[in-house]
Amino acid sequence: MAAVRRKVSILGATGSVGKSTLDLIERSPDRFEMVALTAASNVTALAQAAKRTNARLAVVADEARLGELEQALSGTACRAAAGRDALIEAAAAEADLVMAAIVGCAGLEPVMAAVEAGRTLALANKEALVTAGSLMTEAATAAGATILPVDSEHNAIFQCLAGNRLDDVARLVLTASGGPFRSKGAEEMARATPEQAVAHPNWSMGAKISVDSATMMNKGLELIEAAHLFPVPEERIEVLVHPQSAVHGLVQYADGSILAQLGTPDMRTPIAHALAWPDRMAVSLPRLDLAALGRLDFLPPDPARFPALRLSRDALRAGAGAPVVLNAANEVAVALFLERRLGFLDIAAVVEEALDLLGAPPVRGLDDVLALDAQARHEAARMAARHAAA
Ligand SMILES: NC(=O)c1ccc[n+]([C@@H]2O[C@H](COP(=O)([O-])OP(=O)(O)OC[C@H]3O[C@@H](n4cnc5c(N)ncnc54)[C@H](OP(=O)(O)O)[C@@H]3O)[C@@H](O)[C@H]2O)c1
């Protein structure tokens, strides 16, 4: 008897993680069935992917692009839709797995819609968990939703925790490549251009996460993400710089044993894990060659050149709305840096100022998170303008 095909939706199908997910799904058409695909504005890539995969629904967030999408999909069975409500419809549509690969807090409402609908969520969109972690994990428990981490570090830890108890965990270790400025001096970092910042030594990713890797805010966001996914005391979650990006995450247990997950720096490995979970799927990708690699280096991060890590841990400790402020200010500052309107080192400075100003206000629900996100964006833009003028 033929196996039942797994129904999948991809939020953010035109991005780096979205395209890697499509690649895996298109290699195994007997295993998967496409339900919905979404994009912000890239109608051409969205429509092409919808046609190739016979998706039932394609959603573009930008409502002004609906006509273009309808035209691109005419003659197919795929329905075109646009705007916020349509994104939420795509996220909640009946599917066995929803890949959350929108970048930034823009993904929060769709992610929450998928969780509240009780879907199994493959979560790449870390900003959603950073900004609404407790709300999301509570909603998942209430709705019976499962959150599978796709971020390679969290996916690694998830795999290393299988069959063990969180109570026995001595520490969780997130590895970090250190990004393109790992061994650069502060003066060079101050002059860094967007091109230099997005030139990640090991991973090929979207622009925003690449800049986050260069500031190490990515690892800070991942620290907060880890605290929600794996509820151990915050001081038991550590970051280690590992330039080879071969070991993605480690778990040390009370008896001293360390379990690690290794692989090539290719997101298709953790994505394949989530797509097939709790089974495994065969993926023909280059394999990690340990003999060719020869050595694995680990070193502590430098808190002076990478203040984003400290700011993130402070926000995690402060709780409530502090991670919302941290994330919003970072999104604003990174976007301005990519537009060459803010210096590289100003990114962390703006985040710190926003946290100093807004602190950790209470957030009781999604509306509070979204309101605080908007307020923090407004303040961060004001602070960034001051830095840019200085
Ligand atoms: N890339 C990686 O290797 C990697 C690894 C681990 C975790 N992640 C996480 O995965 C997420 C996606 O990262 P990425 O690198 O794939 O990003 P990306 O390449 O920039 O792609 C982002 C996707 O989200 C869509 N999008 C952007 N803004 C949107 C909005 N306002 N409303 C609806 N859709 C929107 C984009 O559509 P358009 O194409 O139309 O703009 C695109 O499909 C991030 O949270 C990132 O931190 C990524």
Side-chain angles (χ1 to χ4, degrees), residues 9-23 36-50 58-65 68-69 72 81-91 99-111 113 121-131 148-156 174-177 179 198 200 202-215 217-222 224-226 229 245 248-249 263-271 273-274 327 330-331 334-335 338 370 373 377:
S9 293
I10 309 176
L11 313 176
T14 51
S16 169
V17 171
K19 284 190 279 193
S20 292
T21 309
L22 281 166
D23 175 63
L37 296 173
T38 81
S41 59
N42 189 346
V43 163
T44 308
L46 176 65
Q48 283 170 354
V59 174
V60 61
D62 180 355
E63 296 191 43
R65 300 274 166 97
E68 227 179 295
L69 183 62
R84 174 187 172 272
D85 291 351
L87 270 184
I88 288 173
E89 182 196 340
M99 166 57 74
I102 292 175
V103 63
C105 193
L108 176 54
E109 284 187 289
V111 162
L121 189 76
L123 185 77
N125 183 195
K126 66 191 83 184
E127 297 90 347
L129 200 59
V130 166
T131 52
L148 300 172
V150 169
D151 228 344
S152 58
E153 299 76 2
H154 306 74
N155 181 269
L174 302 165
T175 57
S177 68
V198 301
H200 196 281
N202 304 338
W203 296 90
S204 163
M205 309 182 286
K208 191 259 176 185
I209 184 176
S210 297
V211 177
D212 285 347
S213 296
T215 58
M217 178 59 86
N218 184 46
K219 217 46 57 181
L221 297 175
E222 288 179 8
I224 300 172
E225 185 185 9
L229 288 169
S245 295
H248 302 306
T264 55
D266 186 326
M267 282 304 290
R268 287 174 295 184
T269 303
I271 293 170
H273 176 263
N327 179 71
N330 181 59
E331 285 194 31
V334 169
L338 285 168
L370 295 173
D373 174 72
R377 280 169 197 271

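None of the values given here were measured: they were computed from a predicted structure. For ligands, and for the atoms within them, numbers begin at 1 and follow the listed sequence.
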If you count the atoms of ligand 1 from 1 in the order shown, which ones are under 4.0 Å from a heavy atom of Ala101? 12 (C), 22 (C), 23 (C), 24 (O)

Are Asp23 and Lys19 ion-paired here, with the side-chain N under 4.0 Å from a carboxylate O? no

Flag for Ser245-Asn202: side-chain donor and acceptor within less than 3.5 Å: yes

Under 4.5 Å between any side-chain heavy atoms of His248 and Pro270, yes or no? no

Which atoms of ligand 1 have any heavy atom of Glu127 under 4.0 Å away? 44 (C), 45 (O), 47 (O)

So which protein heavy atom does atom 29 (C) of ligand 1 come closest to, and at what separation? Ala40 CB, 3.5 Å

Quick one: which ligand 1 atoms are inside 4.0 Å of a heavy atom on Asp151? 6 (C), 7 (C)

Nearest to atom 43 (O) of ligand 1, what protein heavy atom do you find, and at what distance? Thr14 OG1, 2.7 Å

For atom 19 (O) of ligand 1, what's the nearest protein heavy atom and its distance? Ser16 N, 2.9 Å

Given side chains that start at C-beta, do those of Glu222 and Thr175 come closer than 4.5 Å, heavy atoms only? no

Closest heavy-atom pair, Ala47 versus Leu69, reported as atoms and distance to 0.1 Å, is CB-CD1, 4.2 Å

Give me the atom names and distance for the closest heavy-atom approach of Val198 to Leu338. CG1-CD2, 4.1 Å

Tell me the nearest of Val103, Ile209, Ile271 to atom 17 (O) of ligand 1, using heavy-atom distances. Val103

Measure the distance from atom 32 (N) of ligand 1 to every protein heavy atom, then report the residue, atom name and distance (to 0.1 Å) of the closest one. Ala61 CB, 3.8 Å

What atoms in ligand 1 come closer than 4.0 Å to a heavy atom of Lys126? 7 (C), 45 (O), 47 (O)

Side chain or backbone of Met205 under 4.0 Å from ligand 1, or both, or neither, by non-hydrogen atoms? both

Should the pair Glu153-Lys126 be classified as a salt bridge under the 4.0 Å nitrogen-to-oxygen rule? no

Non-hydrogen side-chain atoms of Leu37 and Leu46 separated by less than 4.5 Å: yes

Exam field: side chain Thr38 to backbone Val60, donor-acceptor pair closer than 3.5 Å: no

Counting from 1 in the order shown, the ligand 1 atoms closer than 4.0 Å to a non-hydrogen atom of Asn42 are 39 (O), 40 (O)

Which heavy atom in Ala128 sits nearest to a heavy atom in Leu108, and how many Å separate them? O-CD1, 3.7 Å

Report the part of Ala124 (side chain from C-beta onward, or backbone N, CA, C, O) that has a heavy atom under 4.0 Å from ligand 1; answer both or neither where that applies. both

So does Ile209 get a backbone contact from the side chain of Asn218, meaning a donor-acceptor N/O pair under 3.5 Å? no

Contact (N/O only, under 3.5 Å) between Ser41 and ligand 1: yes

Ligand 1 atoms in contact with Gly206 (distance to a heavy atom under 4.0 Å): 1 (N), 15 (O), 19 (O)

Nearest non-hydrogen atom to atom 30 (C) of ligand 1 belongs to which of Ala106, Gly15, Ala45? Ala106

A student comparing Ile102, Val43, Thr21 should find that the heavy atom closest to atom 24 (O) of ligand 1 comes from Ile102

Just jot down the ligand 1 atoms closer than 4.0 angstrom to any heavy atom of Ala13, in number order. 43 (O)

Considering only non-hydrogen protein atoms, determine which one is nearest to atom 48 (C) of ligand 1 and report residue, atom name and distance to 0.1 Å. Val17 CG2, 3.4 Å

Taking 4.0 angstrom as the limit and counting only heavy atoms of Gly12, give me the atoms of ligand 1 inside it, by number and element. 23 (C), 24 (O), 43 (O)

Taking every heavy atom of Pro149 against every heavy atom of Asn155, the minimum-distance pair comes out as O-ND2, 3.1 Å

